[in-house]
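Below: the structure, in structure tokens.
For this chain, numbers begin at 1 and follow the sequence in order. The figures that follow rest on heavy atoms only: side chains count, while hydrogens, waters and symmetry mates do not. One-based numbering, in listed order, for ligands and for the atoms of each.
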Amino acid sequence: MKASISLAIASIATVLLSSVSYAAPVDSAAASGQTAVILSATDYCIFLPPKYGGDIAASEDVAVAFCTKPNLPGAPNARVLPAGFIASSHYVVNSQKGYVQITGRIDRSKYGLSENDGGGQYDLRAPVGSKMTGYNAFVQLTEPDEQIFCIRACKNKSDCPVNKSTYGCEKVLGGDYS
Ligand SMILES: *[C@@H]1O[C@H](CO)[C@@H](O)[C@H](O)[C@H]1NC(C)=O
Ligand SMILES: *[C@@H]1O[C@H](CO)[C@@H](O)[C@H](O)[C@H]1NC(C)=O
């Protein structure tokens with residue numbers, strides 16, 4: 001009796017293991033479209049959870065780029081932002097330091113984000129594989145509870161601080177949130 005039970009357990013384990021190995025191609029498909037670009041006040045991308053209603057922090061490894069328009073150069077396979085998700089935005093260029101920044105308000109309901117989601121930070125380390133075309137670093141904070149977002153793309157990594165992820169947009173990047 002004991003022997004056949006452990007055999008049964010062994011075959012369940014085999015089934016589980018084989019389904020894990022088949023899951024890998026699905027994960028890499030989900031990870032595509034992780035390159036963003038900031039071209040102008042109207043043509044840019046931010047990172048969001050891949051699924052409608054996703055939690056910002058829980059999606060930090062799998063978030064993908066969503067852009068204001070389809071097929072922006074420098075953002076291959078990125079998705080298009082839900083209509084009305086960006087409620088306001090303010091574009092800043094610091095040509096002396098070599099960074100660009102967008103700050104503003106979101107309408108979380110347009111992507112089903114939760115009013116209880118305190119948000120989080122995305123940068124080159126998470127989403128894994130993320131890139132910002134034309135820049136060496138980026139930092140983005142998204143705060144569904146406050147309905148604000150901010151993103152900065154930097155030539156010089158020291159202008160994109162990633163060590164204050166819990167401080168929120170206004171303390172990390174400053175800028176206009178009206
Ligand atoms: C990057 O910024 C830091 C701090 O402002 C500065 O000391 C450094 O020289 C800059 N590096 C480059 C390559 O501009
Ligand atoms: C983040 O890093 C900067 C530059 O190294 C440093 O000045 C600052 O104190 C750090 N902040 C925190 C909260 O660790």
>> I want to know if ligand 2 touches N163 in the polar sense, i.e. an N/O pair below 3.5 angstrom.
In response: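 Yes; at least one N/O pair falls below 3.5 Å.
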> If you measure from CG on L48 to CD on Q140, what distance do you get to the nearest 0.5 Å?
Replying inline: 6.5 Å
Below 3.5 Å only, please: the N or O atoms of ligand 1 paired with protein N or O atoms, distance on each line.
{"unit_1": "ligand 1", "atom_1": "2 (O)", "unit_2": "N156", "atom_2": "ND2", "d": "2.4"}
{"unit_1": "ligand 1", "atom_1": "2 (O)", "unit_2": "S158", "atom_2": "OG", "d": "2.8"}
{"unit_1": "ligand 1", "atom_1": "11 (N)", "unit_2": "N156", "atom_2": "ND2", "d": "2.7"}
{"unit_1": "ligand 1", "atom_1": "14 (O)", "unit_2": "N156", "atom_2": "ND2", "d": "3.4"}

> Can you list the residues that meet the ring-ring contact (aromatic ring centres under 6.0 Å, His included) rule with Y52, with sequence neighbours excluded?
Replying inline: Y111
> Excluding sequence neighbours, so at least two apart, what forms ring-ring contact (aromatic ring centres under 6.0 Å, His included) with F138?
Replying inline: F47
> Do any pairs count as a side-chain hydrogen bond (donor to acceptor under 3.5 Å, both in side chains) and have a residue in residues 61-78, sequence neighbours left out, and if so which ones?
Replying inline: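 Every side-chain hydrogen bond (donor to acceptor under 3.5 Å, both in side chains) pair that includes a residue of residues 61-78, provided the two are not neighbours, is D43-K69.
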Close side-chain approach of [X] to [Y], heavy-atom, < 4.5 Å:
X    : Y   : result
P127 : V64 : no
P73  : L39 : yes
S59  : K51 : no

>> Closer than 4.0 Å to some heavy atom of Y167 - which atoms of ligand 2 meet that?
In response: 13 (C)
